[in-house]
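Residues take their numbers from the sequence shown, with the count starting at 1.
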Amino acid sequence: MKHILQRILAAALAAGCLLALAGCTAGSGVNSFTWFVEEIPANLDPQVASAPEDVIACTNLCGGLVRLDADGQPQPDLAESWTVSSDGLRYAFTLRPDLFYRASRGDATDYAITAEDFVYAFQRVFSPETASPYAVEFAALAGAGAVLAGLSGPESLGVRAVDERTVEFTLAEPDDSFLTKLALPGAMPCDEAFFESTGGSYGLTTDTTLSSGSFYLYNWTSGGLFLRREGSDGLVDSLRLVQNTGSAQTAEELILNERCTAVLDETDAATSLRSVSYSDTTWCLLFNTEQPALRNVLLRQALASAARLAVLPVNEALYAPASGLVPEGLTVGSLDYRETAGDPSPALGSAYALYRSARETVTSADLMGITLLVPAGAGLTEAASSLNSVWQRELSLFFSLEEVDEETFAERIAGGDYAIALAPVECTDGSVYSLLRSFGPEGLARYDDTGYETLLAQSAAAPSSEVRCALLAQAERQLLESCAAVPLFAQQKRLLIADGVEGLVFDPYGPVLDLTWTTKE
């Protein structure tokens with residue numbers, strides 16, 4: 001489950017350049033709010049939304065049974081009340097009366113929001129055809145383990161409509177974060193009749209998208225996605241999600257020049273603006289386990305052990321020593337993952353001894369042509385050079401340093417076109433499972449290990465947060481012991497906030513940008 005930064009910031013978050021909107025007034029309400037995204041939202045199906053911009057759009061477009069307030073506490077949303085059994089295994093929600101979906105431009109529809117819509121939403125989450133990223137979050141539901149294992153269909157889940165306004169959940173094991181999870185997009189309602197009417201294009205176009213939240217879809221073009229609502233008492237009434245087209249201005253200048261309301265900043269430049277620090281990125285040494293020499297775990301362990309001896313020159317205001325591969329601040333259920341899992345750093349032993357053992361099967365020809373790939377502009381070129389120096393000193397190995405632009409770097413990592421890389425591993429959805437899963441056979445390190453995949457599969461079907469956390473910790477330790485990845489730094493980032501914006505719920509790990517209670521002077 002996503003950890004809320006400082007349990008949820010009652011602050012502002014926006015980053016936008018109005019130059020990108022020149023001549024575009026679509027969705028510009030009286031009190032508008034612009035958010036800068038890398039890509040225009042492409043999928044508004046809440047059960048499958050996973051890209052940051054899609055999650056943000058669905059969070060504001062769709063309502064849930066509950067919604068998290070500025071203190072991270074569940075508040076009534078589409079549900080007006082709920083009860084929880086004394087054993088924590090049964091949750092019953094009563095919906096507000098007369099709830100209806102809205103079409104684009106706020107047009108009324110005949111589609112009522114009923115308890116059956118939540119049942120159908122959860123069946124879609126657990127359906128193999130949906131491939132929803134949210135199934136793992138609701139593994140505590142009765143029947144979830146069997147469904148995830150393919151032993152029964154999603155209709156056997158512990159979710160039922162008692163009547164039109166009452167939906168009931170039955171859990172196999174208590175989950176003290178269950179209420180909080182119900183604020184995730186995957187738990188938002190889906191009308192089965194409307195879904196079937198879209199012919200497979202649900203949430204992909206303006207005409208195949210319905211709103212169940214406080215905002216409705218006003219316009220969706222190549223220039224951006226625009227949401228509107230009826231605002232009052234200073235509430236933001238227009239949310240604009242527009243693409244980052246680049247700007248020569250600093251983050252602070254964008255705010256002070258009123259081109260955006262707030263902005264995420266990765267520099268340590270002095271500022272007079274309000275700021276909140278966080279870290280969602282761990283910089284690692286990645287070893288491509290498909291590369292001939294680096295298939296050898298002893299060679300990877302030798303390089304990792306030697307790397308620990310390097311003194312890495314970095315900007316200490318931007319890079320702090322990493323305490324593990326998974327950044328601090330993430331939770332598994334109600335458990336703080338990093339605190340519960342502990343220090344995953346393996347005891348590798350002598351770098352030289354490991355290297356000599358590796359050379360029994362790794363030839364000099366295997367080592368030819370290996371390069372260390374580094375993204376330009378990250379400020380880590382000297383650190384990469386220091387790693388090369390210590391490998392030369394300890395192991396008599398020296399690899400060429402290859403520095404490429406950010407786009408090329410991302411493409412090569414995604415395509416497995418590298419041997420060793422100094423790379424950022426970013427947590428984009430707040431899930432420890434998703435982060436660890438990203439290192440699999442088609443992922444960051446091309447790590448293909450049956451035991452590792454089994455641990456991740458078992459964690460997805462675990463009956464409790466404690467068991468799931470233990471399995472994920474075991475998977476993280478295995479990944480680090482095999483040295484497919486070596487965590488080095490936790491990158492420090494911050495949110496710069498302009499005056500006059502209050503009440504925004506922000507979670508950098510979600511990502512969550514919820515404007516339900518946001519006001520702007």
Side-chain angles (χ1 to χ4, degrees), residues 3 133 136 279-308 321-332 335-349 351 354 358 372-373 387 413-414 416 418-462 467-491 509:
H3 176 76
V136 67
S279 177
D280 62 355
T281 302
T282 303
W283 282 82
C284 302
L285 271 176
L286 291 183
F287 295 109
N288 187 341
T289 59
E290 288 185 336
Q291 200 274 345
L294 295 172
R295 289 195 189 103
N296 189 298
V297 66
L298 292 173
L299 178 61
R300 299 198 304 266
Q301 289 175 334
L303 293 169
S305 180
R308 293 181 177 180
S323 57
L325 182 62
V326 178
E328 294 182 359
L330 299 187
T331 61
V332 175
L335 301 176
D336 182 292
Y337 175 78
R338 191 72 282 149
E339 181 179 308
T340 304
D343 186 352
S345 303
L348 297 176
L354 289 164
L372 174 57
L373 188 66
L387 288 168
I413 294 295
Y418 75 98
I420 307 173
L422 184 52
V425 176
E426 187 173 5
C427 182
T428 58
D429 66 358
S431 169
V432 176
Y433 170 86
S434 296
L435 188 147
L436 295 177
R437 189 71 185 85
S438 70
F439 288 88
E442 302 298 322
L444 294 172
R446 298 300 199 267
Y447 186 59
D448 191 358
D449 183 272
T450 302
Y452 183 74
E453 295 297 322
T454 298
L455 286 170
L456 292 180
Q458 290 174 340
S459 74
V467 174
R468 185 178 174 212
C469 191
L471 290 167
L472 290 170
Q474 190 176 344
E476 182 186 23
R477 287 193 296 272
Q478 178 179 325
L479 187 66
L480 299 189
E481 286 171 359
S482 70
C483 295
V486 181
L488 298 176
F489 313 111
Q491 184 177 353
Y509 305 107

*Should Ile420 and Phe287 count as side-chain neighbours, where that means a heavy-atom distance under 4.5 Å?*
yes

*Working to the nearest 0.5 Å, report the span between CG of Leu285 and CG of Leu488.*
4.5 Å

_Nearest 0.5 Å, please: how far is CH2 in Trp283 from CG in Leu422?_
6.0 Å

*Under 3.5 Å, side chain of Glu426 to main-chain N/O of Asp280, donor-acceptor pair present?*
no

*Ser345 and Arg308, any side-chain heavy atoms less than 4.5 Å apart*: yes

*Taking all non-hydrogen atoms of both residues into account, name the closest pair between Arg446 and Pro441 and its distance.*
CD-O, 2.9 Å

*At what distance, to the nearest 0.5 angstrom, does CG of Leu456 lie from CD of Glu476?*
11.0 Å

*From SG (Cys427) to CG (Leu330), nearest 0.5 Å*: 4.5 Å

*Does the side chain of Glu328 come within less than 4.5 Å of Ser279's, by heavy atoms?*
no

_Leu354 to Leu348 - nearest heavy-atom pair and separation_ = CD1-O, 3.3 Å

*asked:* Is any side-chain heavy atom of Leu455 closer than 4.5 Å to one of Leu436?
replied: no

*To the nearest 0.5 Å, what is the distance between CD (Gln301) and CG (Leu303)?*
10.5 Å

_Quick check against the 3.5 Å criterion: does Ser438 have a side-chain atom that pairs as donor or acceptor with the backbone of Leu435?_
yes

*Return the minimal non-hydrogen interatomic distance between Val425 and Cys284, and the atom names on each side.*
CG2-SG, 3.9 Å

_Shortest non-hydrogen contact between Tyr452 and Ala475, atoms and distance_ = CE1-O, 3.2 Å

*Of the options Glu290, Gln478, Glu442, which is the one that meets Tyr447 in a side chain to side chain donor-acceptor pair (under 3.5 Å)?*
Gln478

*Spacing of Leu444 atom CG and Leu286 atom CG [to the nearest 0.5 Å]*: 6.0 Å

*Side-chain contact, heavy-atom cut-off 4.5 Å: Gln458 with Arg468?*
no

*Under 3.5 Å, side chain of Thr340 to main-chain N/O of Tyr337, donor-acceptor pair present?*
no

*Of the non-hydrogen atoms in Thr282 and Leu325, which two are nearest, and what is the gap between them?*
OG1-O, 3.1 Å

*Minimum heavy-atom separation for Tyr418 to Ala445, with atom names?*
OH-CA, 3.6 Å

